[in-house]
Trainee: 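Below is a structure I'd like to ask you about.
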Amino acid sequence: MRRSTTADDGRPLRVLAACRVSNDDDSSSSLERQREKLQEGLHDNPHCTLVHVTEDRSVSGAIDLKDRPELGPWLADGKRDEWDAVWVSTQDRLGRDDLHFMAFVKDLLDWRKKICVHDDPSFDVSTETGRLIAYAKATQAAAELTRIRKRALDSRDYLRRKGLWAGGNLPFGYQPVPVMVDGKIHYKLAQQRDYAHLLRTVAQRLKDGESLANIARDLNDRRILTWQDHLRTLPGPEGRKAKGAKGVQWHPSTIGRQFRKVSCIGQVAYVDKETGKTRVAELDGGDPVLFTDEPILTSEERAAVLAKIDERAGKPQRPRRSVSRLSGIARCGTCGGRMTVNRVTHNLKNGPVTYERYRCASTTTARQCSEPAYIERHLLDASQHPRSHQGTRGEAGGSGDRRSRAHRPDLQEEVGRHDPRGAAGIPARAQRGHRCMAWRARPWTAGGFRLARRFPGGCPGHGGGALVRC
């Protein structure tokens, strides 16, 4: 099709070709066919200069042109001056949303650009009549998009009622198996042996009273891939290369979430488009739809596991005895994780005695740490702020810390280095976090004591390598 081959200033027309293909299999809209039409257009208009060809793969026509991964950057200020016209094979390649289309037309007119549609030589948005015709065609494309979406929803609803897998993320412990239904190949889900066994094992451990945190820590220690990482190691459809595992760690909430989902008992869940809530698919008689003939767990087993999880979550928390100044601020010198206060009470001959110490939070969570650090609470609090030696009611330390500060020059020197603003003007919070990174402890005991590493400048109150009671 021979067209105007010059820009408004008389230069040869610089063309930006825009190709797009959505998820639906429409051969007339394939990238190969669009490139063939591009070659025909360049042959008919030899004085046009092809600047670039954008290929937006698996991009719906409902996506705004500025938000498309390939075409969008060419519409920004940086590259807009490099072309004079946008070329497409058909008008619906620009989009199937009539409002997006008309907004794009207005932008092109403001930028003094043109649109070339290969299959429509009369396409012209520079006149009122041309824009009216173009808008009428855009509404037809929008109506087609509505029909495409309805067909997709009807297809998913059909597969859901038949108990077939409609695609998407695989539920934990299942894999697709091809089956023949009504003369067509569809997929049902069957158990994936390793992860189905893993889910049953975790369920039994939870029913035996083990915590989610301990199970998550054990799975991480055994280097078992999470379900999402396992899926990333599988090859994609049509022989696509596997993405590869990301090394995501197991987390207690991730494990507990698998038992909240009805997929572990083989039921089909879907999101209601009207309410946005997740619902369980049901047959006409009210029975739930099953997507597999072999659920990993029974409804009774799932209910027992959830009861144990809720029982542990519903235990009343102990009241906080006192405020810990550096809890969550102090960091373990080994793994860099936060340190929290641990309180242990021993019943001695002269009455109960409570010991308080900061320790690496990895000891109570699923996070891994090769050498969890700990330090007595009053020592760390005392070395970070001069007022902390005065002691407060209910906190470790007391009046004895006042006396120890007066007769401990090395401690005064350490405290002086971490004045609330410091010589370098660093905020006190940042200084505390920086200093705590240097305090670590060896994870071995000898005679009921734990040998701590030498603190910078000596351990406050104990000098160099000090013995700290466990």
Trainee: Measure the shortest side-chain to side-chain distance between Gln204 and Leu206 over non-hydrogen atoms and say whether it is less than 4.5 angstrom.
Mentor: no
Trainee: Answer yes or no: is there a donor N or O on one side and an acceptor on the other, between the side chain of Glu356 and the main chain of Asn342, under 3.5 Å?
Mentor: no
Trainee: What distance separates Gln228 CD from Lys243 NZ, expressed to the nearest 0.5 Å?
Mentor: 10.0 Å
Trainee: Side-chain contact, heavy-atom cut-off 4.5 Å: Lys207 with Glu301?
Mentor: yes
Trainee: Tell me which pairs pass side-chain hydrogen bond (donor to acceptor under 3.5 Å, both in side chains) where either residue lies in residues 61-74, with sequence neighbours left out.
Mentor: Lys66-Asp107
Trainee: Both conditions, 6.0 Å and 45 degrees, for the charged tip of Lys113 above the ring of Trp83: are they met here?
Mentor: yes
Trainee: Would you call Glu82 and Lys79 a salt bridge, using N to O less than 4.0 angstrom?
Mentor: no
Trainee: Within the distance-only criterion (no hydrogens, no angle test), does the side chain of Arg302 pair as donor or acceptor with the backbone N or O of Phe259 below 3.5 angstrom?
Mentor: yes
Trainee: For the residue pair Val248 and Arg232, establish whether any side-chain heavy-atom pair is separated by less than 4.5 Å.
Mentor: yes
Trainee: Any side-chain heavy-atom pair from Leu189 and Pro176 closer than 4.5 angstrom?
Mentor: yes
Trainee: I'd like to know if the side chain of Arg80 reaches the main chain of Leu75, judged simply by a donor and an acceptor atom lying under 3.5 Å from each other, with no hydrogens or angles considered.
Mentor: yes
Trainee: Taking the six-membered ring where the residue is Trp, are the ring centres of Tyr174 and Tyr195 under 6.0 Å apart?
Mentor: no
Trainee: Is the closest basic N to carboxylate O distance between Arg205 and Asp208 below 4.0 Å?
Mentor: no
Trainee: If we ignore hydrogens and angles and just use 3.5 Å, is the side chain of Asp98 paired with the main-chain N or O of Ala142 as donor and acceptor?
Mentor: no
Trainee: Taking the basic N atoms (NZ, or NE/NH1/NH2) and the acidic carboxylate oxygens, is any pair closer than 4.0 Å for Asp221 and Arg217?
Mentor: no
Trainee: Ignoring hydrogens and geometry, is there a side-chain-to-backbone donor-acceptor pair from Asp97 to His100 under 3.5 Å?
Mentor: yes
Trainee: Considering only heavy atoms from C-beta outward, does the side chain of Leu219 approach that of Leu198 to under 4.5 Å?
Mentor: yes
